[in-house]
Structure formats: structure tokens, C-alpha cells
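All values below were derived from every heavy atom in this structure, side-chain atoms included, with hydrogens, water molecules and symmetry-related copies excluded.
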Amino acid sequence: MTQNKSFCDNVVAIVKQIPKGRVTSYGAIAAALGMPRSARMVGYILNNGLFKGGEFIPAHRIVNRNGYLTGKHAFPGEQMMQELLENEGVIISDNRVVEFKKLFWNPASL
DNA sequence: ATACTGACTAGAA
DNA sequence: CTTCTAGCCAGTA
């Protein structure tokens, strides 16, 4: 019971390991957990666990497969996600991560 | 208990 | 090239 027993905790654990200035996709995290088909759960559960555990999760580093900030609405301000990414050196253009393929971080690369 | 929703992805037309 | 459909699993009503 003291360990992770929910998919949520697993997702949070991976997200918290994302290096600064990097981004990843939902499917990549899901695949790292052994569920390459549950990409939807990653985003949905992150929204639910953004502040879960009393800690903030850098969910702004997670974007969809196209590099678009689909999850910006989960933040206090929809503009906040973009500012957070730009604050880490990630350039955003039209709600999309510039050079997303170059900044992509593979969670399974650990 | 079932039904519906959702920060997605990949494949098909 | 664009657009749509189906699959996926957990959480909430």
C-alpha cells in the first residue's frame, strides 16, 4: 500500500523525471509503463494528479504527438503552460513546440 | 452494477 | 494531402 498501486502514480513518477528543457509525448510515457495504447490516460490522470501528493508536476513538458500544447487548459492559465516551457528554453509557436522532435525526451531512455 | 467522458495514437478512406 | 474511425483504460455520475 505504500507503493504505487495506480496508473496515476506511475505516470507522475515518469513526468517528474523529465529533464528541464525537454518535452515528451503521452504515448511515450504510456509505452514506458507498458501501455502504448493508454496515451489518453496519461493526460487525463495528469490533470487529476497535477498537484496530487502535495507536489507540482511539470505536466507542461508533456505535449501530444504533433508537439501541440493540448493540455494547456489544465493549468491555472492557458497561457501558463507556454510561458513555463519558454522559461525552460523551449520555444512555442502557435501552441506548438518548435523543434519538438529535437527536444523530445524518451522516458524509456532512463 | 453500467454509461459516458477524456491533455491520445495509429490506421484507413 | 486531409479527415474520420476505432481502440484504449481509469475515473466520475
Side-chain angles (χ1 to χ4, degrees):
Chain A
M1 292 233 221
T2 52
Q3 305 291 335
N4 50 321
K5 51 229 172 279
S6 296
F7 184 72
C8 175
D9 293 327
N10 285 330
V11 173
V12 171
I14 296 289
V15 175
K16 288 166 71 174
Q17 292 166 83
I18 300 175
K20 178 181 155 204
R22 299 287 181 197
V23 290
T24 189
S25 61
Y26 307 92
I29 295 171
L33 297 174
M35 299 185 185
R37 312 286 210 236
S38 7
R40 308 171 116 178
M41 306 294 84
V42 178
Y44 182 70
I45 279 166
L46 268 179
N47 184 359
N48 185 42
L50 233 185
F51 289 95
K52 193 169 194 174
E55 251 184 295
F56 174 75
I57 299 167
H60 59 272
R61 292 176 184 155
I62 305 171
V63 293
N64 69 351
R65 193 76 179 84
N66 291 311
Y68 281 93
L69 279 56
T70 45
K72 64 183 188 191
H73 75 102
F75 289 82
E78 297 185 11
Q79 200 72 30
M80 178 177 169
M81 186 174 184
Q82 178 173 332
E83 290 185 31
L84 285 170
L85 285 167
E86 290 183 318
N87 187 27
E88 297 188 350
V90 181
I91 308 302
I92 307 299
S93 179
D94 191 26
N95 284 357
R96 180 174 58 97
V97 177
V98 178
E99 302 288 287
F100 165 68
K101 188 153 61 171
K102 189 191 291 185
L103 297 173
F104 181 79
W105 176 77
N106 186 351
S109 182
L110 287 173

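Using cut-offs of 30° and 60° on the angle between ring planes, the pair A:F104 and A:F100 is perpendicular.
Between A:I29 atom CD1 and B:dA7 atom P the separation is 15 Å, expressed in whole Å.
Counting only heavy atoms from C-beta outward, the side chains of A:R61 and A:W105 never approach each other to under 4.5 Å. Side-chain atoms of A:V97 and A:I92, non-hydrogen and from C-beta on, do get closer than 4.5 Å to each other. Here the side chains of A:V63 and A:Y68 are not in contact, with every heavy-atom distance at 4.5 Å or above. For the pair A:L69/A:Q82, a side-chain contact is recorded, criterion being any heavy-atom separation below 4.5 Å from C-beta on.
When all heavy atoms of A:P107 and A:A28 are compared, the pair lying nearest together is CG-O, 3.4 Å. In terms of heavy-atom proximity, A:G21 sits nearest to A:E88 at N-OE1, 3.4 Å.
Using a 4.0 Å cutoff to heavy atoms of chain A, the contacted part of DNA chain C runs 5' to 3' from C:dG7 to C:dG11.
Hydrophobic clustering places A:I18 together with A:V42 (ILVMFWY residues linked when any side-chain heavy atoms are closer than 4.5 Å, directly or through intermediates).
When heavy atoms are screened at a 4.0 angstrom cut-off, A:A59 is found touching base atoms of the nucleic acid. Base engagement by A:I62 is indicated by at least one non-hydrogen atom pair under 4.0 Å involving a base atom.
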Exercise for the section: Would you mind building the protein contact string for nucleotides 8-13 of chain B? One character per nucleotide, 5' to 3', B for base within reach (heavy atoms under 4.0 Å), S for sugar-phosphate only, - for untouched. Expected result: BSS---
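Using modelled atom types, one side-chain atom of A:N106 and one backbone atom of A:A108 make a donor-acceptor pair closer than 3.5 Å.
The CD1 atom of A:I57 lies 6.0 Å from the CG atom of A:L46; values are rounded to the nearest 0.5 Å.
Within residues 73-92 of chain A, the residues approached by DNA chain B to less than 4.0 Å at the level of any non-hydrogen atom are A:H73, A:A74, in residue-number order.
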